[in-house]
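Data block below; observations after.
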Amino acid sequence: MGFSETIMPHILNLYASRATARDFEIYADNATFEDPLMCANGTKQIKSAFYSLPKVFKESRIVEYTVKENEVSPGKHEVLVDNKQYYKFMGKDINMISLIKLYIENGKVVRHEDWWDKKPPGSRETEKIPMLGRVMEAMRRGAMLATHAMMGFGKDPQPKN
């Protein structure tokens, strides 16, 4: 059984706004998450990013996907999830194409990237104007810190009775 079979149920839960503490066990403690809106460092910030989804969207989920898994070197793998995501925001349907890239070391996700429209998030390495990339990174980190604070700094929600 490959890493993708173990990881995908958790990824689907995260994107479907039904994440539980167990879903975050796929991440290494120092894992990172990055998309065009946020840049999270560590599992607590990653929890805040995904726990905030149901607060923003009435619905969210991955509706279609294909998975490709590559061994990069011994103990290091890459899982590529070519997917279509669906969100309902303020009564409007949003459909988006995405490429989720998961970098795995020793069985844990160490980096999770979500490339909207299959383009890497802007950074000083990907932007033609490096200063613009730095500004974009700072804005994404600021958005993450605000979300992290609003979501209780990565606390797992209490089960509803």
Side-chain angles (χ1 to χ4, degrees), residues 2-63 65 67 69-70 72 75-87 89 94 96-126 133-134 136-160:
F3 290 103
S4 57
E5 287 91 357
T6 305
I7 290 172
M8 279 312 296
H10 300 289
I11 295 297
L12 293 172
N13 284 343
L14 296 179
Y15 281 85
S17 298
R18 60 176 185 252
T20 66
R22 192 159 182 266
D23 291 311
F24 295 98
E25 292 174 4
I26 63 172
Y27 293 99
D29 290 340
N30 63 343
T32 61
F33 166 78
E34 192 171 356
D35 72 9
L37 294 179
M38 292 194 192
C39 191
N41 293 299
T43 52
K44 286 188 176 195
Q45 283 190 1
I46 294 170
K47 283 180 177 187
S48 290
F50 282 101
Y51 284 151
S52 71
L53 284 180
K55 308 259 186 241
V56 176
F57 301 103
K58 184 174 171 82
E59 294 179 49
S60 68
R61 65 184 171 277
I62 292 175
V63 293
Y65 67 94
V67 179
E69 189 171 326
N70 304 309
V72 178
K76 293 184 179 185
H77 292 80
E78 175 184 68
V79 174
L80 305 173
V81 185
D82 195 347
N83 69 93
K84 291 181 184 175
Q85 298 174 13
Y86 168 80
Y87 297 92
F89 180 69
I94 300 168
M96 183 173 64
I97 301 292
S98 165
L99 176 64
I100 297 170
K101 298 178 89 173
L102 304 169
Y103 300 91
I104 300 162
E105 292 181 13
N106 303 316
K108 295 280 189 175
V109 175
V110 294
R111 183 159 178 74
H112 175 164
E113 298 174 356
D114 193 345
W115 291 24
W116 297 358
D117 294 323
K118 299 185 184 182
K119 295 176 188 161
S123 70
R124 62 181 161 255
E125 288 86 27
T126 60
R134 285 192 174 104
M136 290 171 70
E137 280 184 36
M139 288 173 55
R140 286 185 298 139
R141 289 184 200 286
M144 182 66 249
L145 291 175
T147 301
H148 193 46
M150 287 187 320
M151 297 308 300
F153 299 98
K155 282 187 179 175
D156 294 312
Q158 297 301 313
K160 294 175 185 167

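- Under the rule for a side chain to side chain donor-acceptor pair (under 3.5 Å), the partners of R61 that lie at least two apart in sequence or sit in another chain are E59.
- For the atom pair CD (E5) and CD (E69), the distance works out to 6.5 Å, reported to the nearest 0.5 Å.
- For N13, the side-chain contact (heavy atoms from CB on, under 4.5 Å) partners two or more places apart in sequence, or in a different chain, are R18, D23.
- Separation of atoms OG (S48) and CE (M38) is listed at 9.0 Å; rounding is to 0.5 Å.
- Under a 3.5 Å cut-off, the side chain of D35 and the backbone N or O of L37 do form a donor-acceptor pair.
- Listed by chain and number, the residues in a side-chain contact (heavy atoms from CB on, under 4.5 Å) with F89 are V56, F57, I94 (sequence neighbours excluded).
- When all heavy atoms of L14 and L53 are compared, the closest pair comes out as O-CD1, 3.5 Å.
- Closest heavy-atom contact between A40 and Q45: CA-OE1, 3.4 Å.
- Distance NZ/K84 to CE/M96: 13.0 Å, rounded to 0.5 Å.
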Which pairs would a plain distance check flag for residues 102-109, meaning a side-chain donor or acceptor within less than 3.5 Å of a matching protein atom at least two apart in sequence or in another chain?
from	atom 1	to	atom 2	distance (Å)
Y103	OH	K101	NZ	3.4
K108	NZ	E25	O	2.5

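- When all heavy atoms of L80 and N70 are compared, the closest pair comes out as CD1-ND2, 4.0 Å.
- Just one residue in the list I11, V67, V81 forms a side chain to side chain contact (heavy atoms under 4.5 Å, CB included) with S4, and that residue is V67.
- Legend: residues meeting side chain to side chain donor-acceptor pair (under 3.5 Å) with N30, ordered by chain and number and at least two apart, are absent.
- Y51 and T20 make their closest contact through OH-C, 3.6 Å (heavy atoms, listed as atom of the first residue, atom of the second, distance).
- Looking only at atom types and distance, the side chain of D114 has a donor-acceptor partner in the side chain of Y15 under 3.5 Å away.
- Checked against a 6.0 Å centroid threshold, the rings of F33 and F50 count as neighbours.
- With S98 as the fixed residue, the side-chain hydrogen bond (donor to acceptor under 3.5 Å, both in side chains) test singles out one of K118, K119, Q85: Q85.
- A search for ring pair (Phe, Tyr, Trp, His ring centres under 6.0 Å) contacts involving H77 returns F3, not counting sequence neighbours.
- Heavy-atom minimum distance, I46 versus F24: O-CE2, 3.9 Å.
- Checked against side-chain contact (heavy atoms from CB on, under 4.5 Å), D29 has no partners two or more places apart in sequence or in another chain.
- Taking CD1 of I7 as the start and NE2 of H112 as the end, the distance is 10.5 Å to the nearest 0.5 Å.
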